[in-house]
Structure formats: structure tokens, C-alpha cells
Amino acid sequence: MMISILAIIFLGVASGLAVGSGFVAFLTVLGVIPRLTQLSKTMKMIHHYEWAVFLGALTGVGASLRDPVLNIPSFPLIFLGMTGGTFYGMLAAALTEVLNVFPILAKRIRLDGEITILIMAIVLGKIFGSIFQWVYFVHH
């Protein structure tokens, strides 16, 4: 019995280290945090960004282990959804910037000089798709 408990603890810690290392490597290779501070002109606050990512990851791990039920009204959930969406949006934007997805896509669909239209189409599609998912799938 004791050996199986120790094996589970070992596997849990090893898995957490592997996933955490992959997440940190992903953020490091993309340069998300330095690029975000550069774009927002907040280089002096880079440590705050790093701590926010660390505390967010730690909170996410705790939430996934505990499966919490939030007994709060719907209105504050809008703020939580917006912050989560902002994080994933910035992560996706950093990935597309690193891979030069937009210039390549613009050339393929013949919108070479109109990358702004392409980006707005993607943003509006994501917004309306998210609203549709929340209205249709979450509340039914």
C-alpha cells in the first residue's frame, strides 16, 4: 500500500515537472512576456508579468486538482472570462507572430496589403464564435 502511494506521488510530481517545464519552454521560446512588455511599453513591470504567469499556473493547478465550484453571481464571471480570453488571445497572437502566419496567409488569400482586414476578420470570428459557444452550449 505504501509503495503504491509513493509511486503515485512520484508520478504526479514527475508529470507536473514535465508539463511545467514544457510550458515554461514554450513561453521562453515564443518570448511572450518580453514581447508583451515591449508592446505595452511596461518593461519596468516585467517581474509583475512573470509573477502573474506563475501565480496563474499555480492557481490553475490547484483548481484542476480540487475541481472548485464558484458560488458567485454571473457578472464577476465576465471579468474572469475576459482575463482568460486575453491570455489565450495573446498566446495565440505571439505564436502567430513568431511563425509569421499572417503575412503568409495574406499572400495565400490575396490580401497582401490588407493584413488589418484579415486580423479583424479573425478577431471578430473568434468573438462571435465564443459568444455563440457560451450562449448556446453553456446554458443549454
Side-chain angles (χ1 to χ4, degrees):
M1 183 71 173
M2 185 67 156
I3 293 175
S4 65
I5 292 173
L6 289 175
I8 290 172
I9 290 172
F10 174 75
L11 287 174
V13 170
S15 300
L17 286 173
V19 171
S21 299
F23 179 68
V24 169
F26 184 67
L27 289 178
T28 303
V29 167
L30 288 180
V32 173
I33 295 173
R35 183 73 175 137
L36 181 62
T37 59
Q38 182 183 19
L39 289 174
S40 62
K41 295 178 178 53
T42 54
M43 288 296 289
K44 294 178 183 177
M45 299 180 67
I46 193 165
H47 296 295
H48 296 288
Y49 285 96
E50 292 168 348
W51 275 103
V53 169
F54 171 73
L55 293 174
L58 197 60
T59 303
V61 167
S64 68
L65 290 175
R66 300 254 181 212
D67 198 21
V69 175
L70 300 175
N71 293 322
I72 57 177
S74 298
F75 187 72
L77 292 177
I78 294 171
F79 175 72
L80 292 176
M82 288 175 64
T83 56
T86 301
F87 173 76
Y88 286 115
M90 287 182 162
L91 193 63
L95 183 59
T96 56
E97 183 178 330
V98 167
L99 298 176
N100 291 326
V101 171
F102 289 138
I104 293 170
L105 183 62
K107 284 182 183 179
R108 297 262 168 118
I109 61 173
R110 296 182 181 100
L111 283 177
D112 292 340
E114 305 294 331
I115 290 184
T116 306
I117 293 173
L118 176 65
I119 292 173
M120 287 307 298
I122 292 170
V123 167
L124 292 174
K126 179 66 178 165
I127 289 171
F128 290 125
S130 297
I131 290 171
F132 175 76
Q133 179 197 7
W134 276 95
V135 169
Y136 186 75
F137 290 113
V138 174
H139 293 295
H140 285 103

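Hydrophobic clustering (side-chain heavy atoms under 4.5 Å, transitive across Ile, Leu, Val, Met, Phe, Trp, Tyr) groups M82 together with F75. I131 and I122 end up in the same hydrophobic cluster when Ile, Leu, Val, Met, Phe, Trp and Tyr side chains are linked at under 4.5 Å. Neither L58 nor V19 shares a network with the other; the hydrophobic side chains, linked directly or stepwise wherever heavy atoms of I, L, V, M, F, W or Y lie under 4.5 Å apart, form separate groups for each. When the side chains of ILVMFWY residues are joined at heavy-atom separations under 4.5 Å, either directly or via intervening members, I3 and L11 end up in two distinct hydrophobic clusters.
Applying the side chain to side chain donor-acceptor pair (under 3.5 Å) test to S40 and every residue at least two apart in sequence or in another chain returns T42, Y49.
Between the side chain of T37 and the main chain of P34, a donor-acceptor pair closer than 3.5 Å is present.
Of all non-hydrogen atoms in L77 and P73, the two that sit nearest each other are CG-O, 3.8 Å. Summarising the geometry of M43 relative to Q38, their closest heavy-atom pair is SD-N, 3.9 Å, with the distance given to 0.1 Å.
In this structure, the separation between OG1 on T59 and CZ on F54 is 9.5 Å, given to the nearest 0.5 Å. With rounding to the nearest 0.5 angstrom, the CH2 atom of W51 is 14.5 Å from the CD1 atom of I46. Here the NE2 atom belonging to H48 is positioned 12.0 Å from the CG atom belonging to L55, to the nearest 0.5 angstrom.
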